[in-house]
Amino acid sequence: MTTGLDQREDGELIEIILGAARRGDVTTMARTAAEVSEMIRNWATHIPWDDFASLDGADDELAQVVADLEEMWEPAHLRNPVDPDEEYALDKNAYDFYRPAGRNLLTRTEDFHDWVLARRRTETWQYSRVLEAAPGSVAEITNDLGRRTRGINFNSQDYLSFNTHPAIRTAAERAMRDYGPHSAGSPMVLGNTRISDELERALGDLVGLEHVTLFPTGWAAGFGAVVGLVRQEDHILIDRLAHSCLQQGARAATRNVVRYEHLNVESVRQHLADIRGRDTRNGVLVVTDGLFSVDADWPDLVTLQRVCREYDATLLVDVAHDLGSMGPGGTGVLGLQGLLGSVDIVMGAFSKTFCSNGGFVASNSPALKQYIKMFGGSHFFSNALSPVQTAVVLEAARIIRSPEGDELRGRLFAAIDALRDELTTRGLTCMGEPSPIVPLLIGNEKLARVANRLLFDRGVLAFMVEFPVTPTGSSRFRLQVQADHRPEEAREAARIIEGAIADSRAYLSSAFGSAAK
Amino acid sequence: MYDAIVIGARCSGASTAMLLARRGYRVLVVDRSSFPSDVISTHFLWPHGMSYLNRWGLLEQVLAVTPAQTEIDVVNDGIRLTGSVPAELLRAYFRDLHGDGSGVVRTYASIRRSVLDQILVQAAAKAGAEVRTNFTVRDLIVEDGRVVGIRGRAPDGRSVEERARIVVGADGRNSFVARTLQLPKFDERPRCTFAYWSYYSGFSIETAQLHRRGRLACAVVPTNFEQNMVLVWGPSEWSREFRADVPGNYQRALDFVSPELGELVRAQGTREERIYGTLDQAAFLRPLHGPGWVLVGDAESFKDQCTAIGMTHAFRDAELASAALDRWLSDDASFDEVMASYERRRRGQDAAAYYDYVCTLAEMRPYRHDELQLFVALRGNQQEIDRFIATHADVAPVSEFFQASNLFLLNDAAKETSAGYPIFEDFAATSRMYQQNLFA
Ligand SMILES: Cc1cc2nc3c(=O)[nH]c(=O)nc-3n(C[C@H](O)[C@H](O)[C@H](O)COP(=O)(O)OP(=O)(O)OC[C@H]3O[C@@H](n4cnc5c(N)ncnc54)[C@H](O)[C@@H]3O)c2cc1C
Ligand SMILES: Cc1ncc(COP(=O)(O)O)c(C=O)c1O
């Protein structure tokens, strides 16, 4: 069955055939073709290997054979190089640079920087844009090449549009007058003011947990809560998609970390059974977000909390995105699931609905509070929230719980529904559940980067998220809706986005859709 | 009048014909070649490829004449990872894609196409499909914009016309169907590898060897007839120089990538055939279906050989397309509905991510520092080595492995450091050296 060793290699034969074809010497072509391997003949089925002899006279047929053989022998791309910058910018991922080479920490960052520069030159770098004025439902921004644009703004996490709310601004001005811009030091020393205590109480009322600790950022609250509580021999079960502050806290606290499948409570139960089968002495912290900020979904917290109790594990839920913006009276996912006051530990951030910076950790235990203050390094060893921040959050908490809060959430959800409806009607995929975050799935990073570049000039400011925020190959636009978005504005944005995606597909000539699997 | 005519009778075509015939449809499958015969391919079949054969009841026949193993050695710049594809990932793959996780096997094999394609063609015939070999399709019959049949040349030279409700293009990279319908190509990725290989007797190896160094790679895998398939590949930009002396550069590449394998082949190997090769491997997608036609296998999506996945993907298409066509032919759903479901699976996110993975790998850039360190971090972490291998082979989604929190955890769990590996000693100088065309 196999061919002998005495035969010449296909490359040599194809060169002979090509030479003969260019001369119109079909006899040599036919004679040589007989020696070409079965491998090639059965693969390059578009070449009429057996019919070379009869090509005589039919000039365009012969020309076609020459063209096809040339393309096979030396494909066009070896002759026409592409724009190296654009290719480099579109092909790489940030993680490709995670472990740079070399012992000089300063110089070894340069590879990564070259890539950033290529992304910037090709205007596919979505980071580090700056605002020119207070953002509302429309914002004016400048990209990092200094190009300015204006568009419907889905980049703010100001879900209830508090940034332009008069009462919020007044609260900030009053605190500035009463206490000045500085927080005097760590909250453990003299960084807090009287309104800090008021804020702790207000937050406690909102989540139904009495003992609240403030942190300078949400990130610090998540990181501090985890490292404050968990020791090397303890265990952490964390949802794969939980926020970075929790993931990094877990890594810093213990090597016993299991990342369970997103939202899968049954798998938590199995892991807990497994851990408790081996270890009855140490603690287990189970960690999840409430509303997940990149997928817009949330776990069944009722079952999750019950499962944790069965195995003497402790549950921590991060409500950074949902508290204030959704749920009855702004109580978020906890309120939706009837869990106010009954989750072990709740943490949140003020950087979204609360229109400020900062974060908190809440529980029913005064002991836990004191312990985290002492051992969660980001509370003890970082300056307290400033008085202005504190006052803003306090005022925000008041509005959130008032009838005005309900009205704002009503407007917010009208815009959310309009946006999701218009996107879905246009055949695009919105992930998750109706919530202030509308993740629009794209998938391929190149497609997302090009679409993002187009949107910049078309009047929609959308944040594109890709690896490492999302797993490789599932990039998306994270559209953050506000109470001030009018439904018609949201629909208009959806139309523009659809156009940009379609044009990007055409530009890349891509046939991939964005369905999973 | 047939229910289906399949053009091409190899991995994608014979399988599609067999699966449709088994469901009781009248199927004609034609091929311009006769069988057994070879076609360009290094014929490595990953465990999901083997599992398809098992699900179809054909694996035993293959294993009777082909050596198979479970563990594979993947060696990158001297960093060795030995592992296998886990059964639970295989089951999840079949469940997610085909709705049923049965029949998985964990072995892989390298099966000469003359052996494998013959088994597939016979199975199609046994299932009741009518097989015509030495039959070249020369025309599609199109009526009212719809493909309704084929015209072709029978072995005796006669022109023959046949009609069917659907024509399946399983006719490979240079698809006749695609050319005739002037189908466009999408997502073209011109950068690819040149690949040259041959068959050697005289030595035996325990597990398949996949080695990579700089911009070159080699594979040595036991195959049929007590021979080993020995393959080298590199970036197509270097092909012109490589081709100036194929046998010499073939050995030079082997020696460069793995001096031990180079020595084994030189000292103990006897080459049994000429050296085969190609660099015509630019990747693309084509439209999947249209009125009266559907594409499967290389015809719908061609990718570089560097992850050895084309045959397995051809099997996958055969199962997906035949299941879809069955629903339509049995009046369960409309043609548009079933084709949309085929398309969703073939053009979804996971498929796109893997396509990108292969195309990026096919550029054969030297591994970066972080990639090599990841390989070091994986050593000793068997579960993750196995998952990496499964990801490389498109069993597990790229997005599951290449996810930030997973990669951070891999780093944290590292048992080894880079200390024992010469590649890290003067990394910058070595990387520069790797950019030099070895054959220039
Ligand atoms: C160098 C190289 C190495 C590879 N190595 C591997 C590997 O290790 N593992 C792996 O899984 N994949 C590998 N592949 C990919 C693999 O070979 C293909 O994906 C696979 O062959 C596709 O099968 P198919 O049935 O779609 O097409 P093909 O195998 O190409 O079959 C198409 C058939 O259609 C017939 N045909 C074409 N036109 C007509 C016509 N007009 N009338 C009648 N019949 C016609 C042809 O004669 C042919 O038999 C490799 C590819 C290359 C190029
Ligand atoms: C879920 C979640 N937790 C915590 C944080 C951190 O909050 P902050 O921005 O206040 O540091 C964020 C915001 O980035 C978040 O999305």
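By convention in this document, chain letters (A, B, ...) are assigned in the order of the sequence lines, proteins followed by strands, and residues within each chain are numbered from 1. Everything numeric here is computed off the predicted structure, so don't read it as measured data.
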Could you tell me whether the side chain of [X] and the main chain of [Y] form a donor-acceptor pair under 3.5 Å?
{"X": "Arg255(A)", "Y": "Asp412(B)", "answer": "yes"}
{"X": "Arg274(B)", "Y": "Glu9(A)", "answer": "no"}
{"X": "Glu38(A)", "Y": "Asp38(B)", "answer": "yes"}

Part of [X] lying under 4.5 Å from any heavy atom of chain A:
{"X": "Ser239(B)", "result": "side chain"}
{"X": "Arg240(B)", "result": "side chain"}
{"X": "Phe427(B)", "result": "side chain"}
{"X": "Leu285(B)", "result": "side chain"}
{"X": "Thr278(B)", "result": "side chain"}
{"X": "Asp31(B)", "result": "neither"}
{"X": "Arg10(B)", "result": "side chain"}
{"X": "Tyr355(B)", "result": "side chain"}
{"X": "Phe284(B)", "result": "neither"}

Would you compute the distance between atom [atom1] of [X] and atom [atom2] of [Y] and round it to the nearest 0.5 angstrom?
{"X": "Ser41(B)", "Y": "Asn42(A)", "atom1": "OG", "atom2": "CG", "value": "12.0 Å"}
{"X": "Thr45(A)", "Y": "Ile7(B)", "atom1": "OG1", "atom2": "CD1", "value": "11.0 Å"}
{"X": "Asn174(B)", "Y": "Met72(A)", "atom1": "CG", "atom2": "CE", "value": "8.0 Å"}
{"X": "Gln403(B)", "Y": "Arg259(A)", "atom1": "CD", "atom2": "CZ", "value": "5.0 Å"}
{"X": "Arg346(B)", "Y": "Phe512(A)", "atom1": "CZ", "atom2": "CZ", "value": "7.0 Å"}

Correct closest heavy-atom pair for Ala353(B) and Gly473(A) would be CB-CA, 4.0 Å
Closest heavy-atom contact between Pro471(A) and Ser399(B)?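 Heavy-atom minimum between the residues: CB-O, 3.2 Å.
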Set out, in order, the CA-CA distance, both residues' side-chain angles and the distance that settles side-chain contact (heavy atoms from CB on, under 4.5 Å) for Met39(A) and Trp197(B), then state yes or no. CA-CA 12 Å; Met39(A) 290 255 193; Trp197(B) 71 101; 3.9 Å; yes
Take a 6.0 Å sphere around CD of Gln383(B) and say whether it holds more than 12 heavy atoms from other residues, nucleotides or ligands. no
Does any non-hydrogen side-chain atom of Gln349(B) lie less than 4.5 Å from one of Leu441(A)? yes
In the structure I gave you, are the side-chain heavy atoms of Trp43(A) and Asp280(B) within less than 4.5 Å of one another anywhere? yes
Please look at [X] and chain B and tell me whether the side chain, the backbone, both or neither of the residue comes under 4.5 angstrom of a heavy atom of that chain.
{"X": "Val36(A)", "answer": "backbone"}
{"X": "Leu447(A)", "answer": "neither"}
{"X": "Arg505(A)", "answer": "neither"}
{"X": "Glu12(A)", "answer": "neither"}

Specify which of [options] makes the most heavy-atom pairs with chain A at under 4.5 Å.
{"options": "Arg32(B), Glu371(B), Arg271(B), Arg243(B)", "result": "Arg243(B)"}
{"options": "Ala428(B), Ala352(B), Ser418(B)", "result": "Ala352(B)"}
{"options": "Thr136(B), Asp171(B), Ile275(B)", "result": "Ile275(B)"}

Any salt bridge linking Arg240(A) with Glu400(B)? Criterion: basic side-chain nitrogen under 4.0 Å from a carboxylate oxygen. yes
Taking only Lys NZ, Arg NE, NH1 and NH2, and the carboxylate oxygens of Asp or Glu, determine whether Asp68(A) and Arg179(B) approach each other closer than 4.0 Å.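 Judged by the 4.0 Å cut-off on N to carboxylate O distance, Asp68(A) and Arg179(B) do form a salt bridge.
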Take Leu508(A) and Asp187(B) through the test side-chain contact (heavy atoms from CB on, under 4.5 Å) and record every step on the way to the result. CA-CA 7 Å; Leu508(A) 291 171; Asp187(B) 297 271; 5.8 Å; no
Aromatic ring centroids of Phe467(A) and Phe402(B) under 6.0 Å? no
